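Before any comments, here is the structure.
Everything quoted here is computed from the prediction, not taken from an experiment. Per chain, numbering begins at 1; letters A, B, ... match sequence-line order.
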4 protein chains.
Amino acid sequence: MTGQSVIMSESATPHRQRRKEARPSELLDAALALFTEKGFSATRAEEVAQRAGVAKGTLYLYFNSKEELLKAVIRHTLSSAVADGRQRLLEHHGSATEALTELLPTWWEEVYDSPSSALFKLVITEVRNFPDIAEFYAQEVIQPGLAVIQALLQRGIDRGEFRPVDVEAAAHSLVLPIIMLCLHKHSVGACALAEAMVADPRRIIRSHLQLVLRGLQAHSSSS
Amino acid sequence: MTGQSVIMSESATPHRQRRKEARPSELLDAALALFTEKGFSATRAEEVAQRAGVAKGTLYLYFNSKEELLKAVIRHTLSSAVADGRQRLLEHHGSATEALTELLPTWWEEVYDSPSSALFKLVITEVRNFPDIAEFYAQEVIQPGLAVIQALLQRGIDRGEFRPVDVEAAAHSLVLPIIMLCLHKHSVGACALAEAMVADPRRIIRSHLQLVLRGLQAHSSSS
Amino acid sequence: MTGQSVIMSESATPHRQRRKEARPSELLDAALALFTEKGFSATRAEEVAQRAGVAKGTLYLYFNSKEELLKAVIRHTLSSAVADGRQRLLEHHGSATEALTELLPTWWEEVYDSPSSALFKLVITEVRNFPDIAEFYAQEVIQPGLAVIQALLQRGIDRGEFRPVDVEAAAHSLVLPIIMLCLHKHSVGACALAEAMVADPRRIIRSHLQLVLRGLQAHSSSS
Amino acid sequence: MTGQSVIMSESATPHRQRRKEARPSELLDAALALFTEKGFSATRAEEVAQRAGVAKGTLYLYFNSKEELLKAVIRHTLSSAVADGRQRLLEHHGSATEALTELLPTWWEEVYDSPSSALFKLVITEVRNFPDIAEFYAQEVIQPGLAVIQALLQRGIDRGEFRPVDVEAAAHSLVLPIIMLCLHKHSVGACALAEAMVADPRRIIRSHLQLVLRGLQAHSSSS
DNA sequence: AATGAATGAGCTTTCATTCAT
DNA sequence: TATGAATGAAAGCTCATTCAT
C-alpha cells in the first residue's frame with residue numbers, strides 16, 4: 001500500500017531464522033503502513049507482525065511495546081525525505097523563481113510518492129495521545145521545513161524577484177497544500193469512490209506553485 | 001465494506017428521526033471532542049458518557065453502538081457550518097475579488113473557531129476504517145465545497161477579474177491551506193510547546209487569500 | 001479447600017448482579033485459597049474469579065491488578081486472628097504457666113484451623129517478590145506476636161515461675177513450631193501420602209508447650 | 001497427579017545417569033538460588049541460564065523442561081547435607097544429652113549455612129504444584145530425619161537421661177524451629193528491614209536445644 | 001429513562017520451548 | 001555442543017455492551 005519493500009525480500013529462506021538486521025526496518029515499514037491506514041490504536045500488534053512476515057512474539061524481540069514501535073516508526077521515517085529535500089534547497093543557488101518552479105515541485109512530488117507522505121497523517125492523528133511526538137516533529141520537520149522555505153522567499157525578496165510579503169505567512173501558503181494533499185492521499189483519497197474527487201495531485205501542486213509565484217512576483221500592481 | 005451509505009440511510013426512515021433529534025446533543029458534543037482529541041478507537045464509550053454527564057448505560061439508550069455514535073457525530077456536525085457558509089457564497093452577487101477578500105476569510109474564521117474544524121480531523125483519521133464515511137463526506141462536503149469555489153473563480157474569469165486559470169486546481173489552492181490549519185489546530189497546535197510554531201492562523205488565512213488573489217488577477221504579466 | 005464460605009452464599013440469585021459489598025471478600029477468600037495452594041505467580045486471575053463465582057472482568061472491578069489483589073489478601077487476612085488472640089493474652093492475668101498450658105494451645109489451635117494459617121505460607125512464599133509485604137508483616141505480625149509472648153515469659157520470670165532465660169530466644173522456641181505446623185498443613189500436609197507423616201498437630205502443639213514449660217520452670221536443676 | 005514417583009524414577013535407569021551427573025551443576029545451583037528466591041513459576045528459564053553463564057538454549061540440552069530442572073534441583077540438593085548429618089548422628093555413641101548439646105547444633109548450623117537451607121523453602125512452596133515431590137521429600141527427608149531424632153530420644157529415655165515423653169511429638173519440638181529458621185532466612189530474613197527482627201539464629205537454636213533438653217531431663221519434678 | 005455491576009471477547013505482552021546455524 | 005532468533009500458547013488486563021434494578 002504505502003510502498004517500500006516490505007515483502008520483496010528473501011523468498012529463499014522461507015521458514016525460521018532470517019537476518020536480525022533486516023527485521024527492525026521490515027517491522028517499521030509494516031507498522032507505518034498499518035498505523036497510517038487504521039490508526040495506532042486500531043492496529044493490532046499481531047497485524048504488524050503478520051504484515052512483516054513474522055510471528056507476534058518476534059515483534060517484541062525488537063520493540064518493547066507497541067507504543068515504542070510507534071515512536072520508532074516516526075523517528076525512523078522522519079529522517080529520510082524531509083531532510084533530504086531540504087538539503088537540495090540549501091544547495092540551490094539559482095533564482096528564487098526557479099527554485100519555486102523546479103526544485104519545489106520535484107521535491108514535493110517525491111515526498112508525496114514516498115512513505116514519508118504517510119507520516120503526516122500519522123503525526124496529525126497521534127500527537128495528542130503521545131505529546132512527546134510533538135516536540136520531536138516540531139524540531140525535526142516543522143521548524144527546518146518552514147525555515148528553508150522562508151529563507152528562499154526572503155532571498156527572492158532581497159533579489160527583487162518578489163514583493164516584500166509576510167514571509168512567514170507566505171511560507172505556509174506554499175507548504176500547507178502539499179501536506180494536505182499527502183493527508184488526503186492516505187485518507188479520503190484511498191477510498192474507492194473518491195478517486196475522481198481530487199484531480200491529479202501533481203497538477204494541483206504545480207498549478208498551486210505557479211499561482212503563488214505570480215502572487216509573489218514584484219512586477220504586478222499592488223492590491 | 002458493509003453498507004455504502006450507512007450514514008445517510010437513516011434519513012430514509014423519518015419516523016424515529018424525531019427521537020434521534022431529541023437525543024442529548026451533549027453526547028454528540030462530548031463524542032466529537034473526544035474522538036477528535038484521542039481518535040475513535042482510543043476513546044472509551046464511558047469517557048464520552050462521563051463528559052456528557054451521564055452514565056455509561058445511558059449512551060446505549062441513544063446509540064446502538066460506539067460506531068453508530070461516530071456516524072451520528074459526523075452527520076450531526078456536518079449539517080451546520082459548511083452548508084451555511086456555502087449558502088452565503090451562493091447568495092453573494094458582488095465581484096469575485098470582493099468575495100475572496102471579504103466573504104471567504106470571514107466564513108473560514110467561523111469554521112476555524114467552530115466545532116466543525118474538528119470534523120476535518122475526525123474524517124481524515126477515520127475514513128479508512130469506516131469507508132461509508134467517505135461517500136457521505138465527498139457528497140456533503142468536498143463536492144459542494146469545491147463546486148462553489150470553482151463557480152466563484154469561474155465567475156471571476158468570466159467577468160474579466162481573473163486570468164483564465166485551471167479553475168479546479170486553483171480551488172484547491174484556496175481551500176487546502178484552510179483545512180490544513182483546522183487539522184493543525186486539533187493536532188500539533190493543541191500541544192504545549194507548538195504554540196509559537198504556527199503564527200496566528202487568521203493572519204495566515206488572510207495573507208494566503210491575498211497572495212492567491214494577486215496570482216489570479218488579470219492585470220499582471222503571464223508566466 | 002482452605003475453607004471459608006466462598007460459595008455457600010446466595011443460591012437464589014444465580015445469574016448477574018449480586019451485592020457489591022460482598023464481592024471483595026468473596027474474591028479475597030478465593031484468592032487466599034488459590035495463592036496459598038498454587039502460589040501467586042502460578043495462579044491465574046481467572047481462576048480466582050471462577051472460584052469466587054464471577055467472571056474474569058469482575059475481579060478487575062474491585063482490584064486494579066493481580067498484585068494489588070495479593071496485597072489486599074494479606075492486609076485483609078492479617079487483621080483477624082492474630083490480633084484477636086493477642087488480645088486474649090494481654091487480658092489474661094493468671095499465672096504464666098496457666099497461660100502457656102491453656103491460653104496458648106487454644107489460641108494456636110484456632111489459628112491453625114483458621115484461614116490465617118494459610119497466610120504464613122503466602123507471606124513466606126511471596127515476600128521476596130513483593131518486599132513491601134515484609135514491612136507490613138513485620139509490624140503487624142512478627143513484632144506484636146513476639147512482644148506478647150516475651151511479655152508473658154518475662155512475667156513468669158518476675159513471678160518466680162520461670163528461670164531467668166533468654167526471653168527473646170525462648171519466645172521463638174514457643175512460636176516457631178506452631179508456624180511451622182501451619183506451613184506444613186498447607187504444603188506437604190495437603191498431599192495425599194503425607195497424612196501419617198506428621199502426627200496430630202494438636203498433640204504436637206500441646207506436647208511442645210509442656211516440654212518447653214518444663215524447660216522454663218524454676219524448680220529443676222540448672223544445666 | 002501424573003506419575004507418583006517421577007523424581008525417583010530416573011535412578012532406575014542408571015545408564016544415562018552418568019550423563020546427568022556431568023550436567024553442569026552451575027545450572028542446578030543457579031536454579032536453586034532463583035527458584036528459592038522468586039519461586040518456580042516466577043523464575044524464567046532464561047534467568048537460570050544467565051545466572052549459570054550459559055545461553056537459554058543450553059539449559060534445554062541438559063533438562064527437557066523447566067519442571068524437570070526443578071525435580072533435578074531437589075534431587076541433587078537433598079543428597080548432600082541431610083543424609084550427611086544423619087550419618088553423624090547414627091555413628092554417635094555418647095550420651096543423648098551430649099548429642100543434643102553438641103552434635104545437633106553443629107549439624108544444624110551447617111545446614112542453615114548451606115544451600116540445603118533453601119531447599120526447605122522450595123519444597124514448602126512447590127509441593128502442591130508437583131505432588132510427586134511430596135513422596136520423595138517424605139521418604140528422603142522427613143521420615144529418616146524424624147526417625148534418627150526419635151531414636152536418639154528413645155535412647156535417652158532408655159538410658160534414664162530423659163523422662164518417658166511422647167517421642168514423636170518431642171522430635172517435632174526439636175526439629176520444627178530449625179526448619180522454620182531456614183525458611184525465615186530465605187524469606188522475611190532476606191528483606192532489608194527485617195534484619196533485627198529475629199535475633200541471631202545460632203543463639204536461638206542453641207537456646208532452644210537447651211530449653212528442650214531441660215524439659216526432657218529426668219531429674220526435674222513431673223507436671 | 002437512567003444506572004452501573006457484570007460479562008467475555010479481544011488485545012498486549014510474556015516466556016517455555018524449538019531449531020537452524 | 002552451544003547459541004539465540006523465532007514461535008505461539010497462555011496470561012494479564014481492557015472495554016463495548018448488556019440487563020437487573
Side-chain angles (χ1 to χ4, degrees), chain A residues 13-23 41-50 52-69, chain B residues 19 22-24 40-50 53-69, chain C residues 13 15-23 41-50 52-69, chain D residues 22-24 40-50 53-69:
Chain A
T13 328
H15 302 307
R16 279 269 199 76
Q17 199 89 358
R18 300 210 245 173
R19 51 283 98 110
K20 194 186 178 182
E21 334 82 51
R23 276 287 141 70
S41 194
T43 301
R44 284 176 300 121
E46 189 166 16
E47 283 180 284
V48 175
Q50 265 174 2
V54 298
K56 197 179 8 167
T58 306
L59 174 62
Y60 288 89
L61 252 35
Y62 297 98
F63 303 95
N64 292 325
S65 68
K66 202 183 150 193
E67 185 172 334
E68 197 176 274
L69 174 61
Chain B
R19 193 170 146 245
R23 278 169 187 174
F40 173 73
S41 191
T43 300
R44 285 179 301 124
E46 189 168 15
E47 283 180 283
V48 175
Q50 264 175 3
V54 297
K56 196 178 7 171
T58 307
L59 176 62
Y60 287 87
L61 252 34
Y62 296 102
F63 304 95
N64 293 324
S65 70
K66 201 182 152 193
E67 186 172 334
E68 193 177 277
L69 173 61
Chain C
T13 329
H15 302 307
R16 280 270 200 74
Q17 200 89 359
R18 300 211 247 172
R19 51 280 104 105
K20 194 186 178 182
E21 334 84 50
R23 274 289 140 69
S41 195
T43 301
R44 285 176 301 121
E46 190 167 15
E47 284 180 282
V48 175
Q50 264 174 4
V54 298
K56 197 180 7 168
T58 306
L59 174 62
Y60 288 91
L61 251 36
Y62 296 98
F63 303 95
N64 292 325
S65 68
K66 201 183 150 193
E67 186 172 333
E68 197 175 275
L69 174 61
Chain D
R23 278 169 185 173
F40 173 74
S41 189
T43 301
R44 284 177 303 123
E46 189 168 15
E47 282 180 285
V48 175
Q50 265 176 1
V54 298
K56 197 178 6 171
T58 308
L59 176 63
Y60 286 87
L61 253 33
Y62 296 102
F63 304 95
N64 293 324
S65 69
K66 200 183 152 192
E67 186 172 334
E68 195 178 277
L69 173 61

Along DNA chain F (nearest heavy atom to each residue), the more 5'-positioned of C:Thr58 and C:Glu46:
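Between the two, 5'-proximity favours C:Glu46.
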Taking the nucleotide of DNA chain F with the closest heavy atom to each, which residue, B:Arg44 or A:Leu59, is nearer the 5' end?
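The residue whose closest nucleotide sits nearer the 5' end is A:Leu59.
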Distance (rounded to the nearest 0.5 Å) between A:Lys56 NZ and A:Arg44 CZ
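So the gap between those two atoms works out to 9.5 Å.
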[X] [atom1] - [N] [atom2] separation (whole Å):
{"X": "A:Lys66", "N": "E:dT13", "atom1": "NZ", "atom2": "C1'", "result": "12 Å"}
{"X": "B:Glu47", "N": "F:dA16", "atom1": "CD", "atom2": "C1'", "result": "13 Å"}
{"X": "C:Leu69", "N": "F:dG12", "atom1": "CG", "atom2": "P", "result": "11 Å"}
{"X": "D:Tyr60", "N": "E:dC19", "atom1": "OH", "atom2": "P", "result": "13 Å"}
{"X": "A:Asn64", "N": "E:dC15", "atom1": "CG", "atom2": "P", "result": "13 Å"}
{"X": "B:Lys56", "N": "E:dA6", "atom1": "NZ", "atom2": "C1'", "result": "9 Å"}
{"X": "D:Glu68", "N": "E:dT18", "atom1": "CD", "atom2": "P", "result": "12 Å"}
{"X": "C:Leu61", "N": "E:dT3", "atom1": "CG", "atom2": "C1'", "result": "14 Å"}

Checking A:Glu68 now: which residues fulfil side chain to side chain donor-acceptor pair (under 3.5 Å) with it, not counting sequence neighbours?
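Applying side chain to side chain donor-acceptor pair (under 3.5 Å) to A:Glu68 gives A:Asn64.
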Dot-bracket, 5' to 3', for DNA chain F please: Watson-Crick or G-U pairs under 3.5 Å, [ ] where pairs cross earlier ones, | where the partner sits on another strand, dots elsewhere.
.||||||||||||||||||||
Quick one: closest heavy-atom pair of A:Ala45 and A:Tyr60, and the distance?
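Looking at all heavy atoms of both residues, the closest pair is CB-OH, 3.7 Å.
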Looking only at non-hydrogen atoms, find the nearest pair between A:Lys66 and A:Ser41 and report the distance.
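Minimum heavy-atom separation between A:Lys66 and A:Ser41: NZ-O, 3.6 Å.
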Mind checking what makes ring pair (Phe, Tyr, Trp, His ring centres under 6.0 Å) contact with B:Phe40, not counting sequence neighbours?
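Scan of B:Phe40 (ring pair (Phe, Tyr, Trp, His ring centres under 6.0 Å), adjacent residues dropped) gives B:Phe35, B:Phe130.
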Distance test, side-chain N/O of D:Tyr62 to OP1/OP2 of F:dT1, below 4.0 Å:
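D:Tyr62 to F:dT1 OP1/OP2: no side-chain N or O under 4.0 Å.
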Heavy atoms under 4.0 Å, any strand shown: does C:Thr43 hit a base, just sugar-phosphate, or nothing?
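Contact class for C:Thr43: sugar-phosphate only.
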Starting at the 5' end of DNA chain E and moving along, which residue's nearest nucleotide shows up first, A:Ser41 or D:Ala45?
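With A:Ser41 and D:Ala45 compared, the 5'-side residue is A:Ser41.
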Taking for each residue the nucleotide of DNA chain E with the nearest heavy atom, is it A:Gly57 or B:Gly57 whose nucleotide lies nearer the 5' end?
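Checking each residue's closest nucleotide, the 5'-ward one belongs to B:Gly57.
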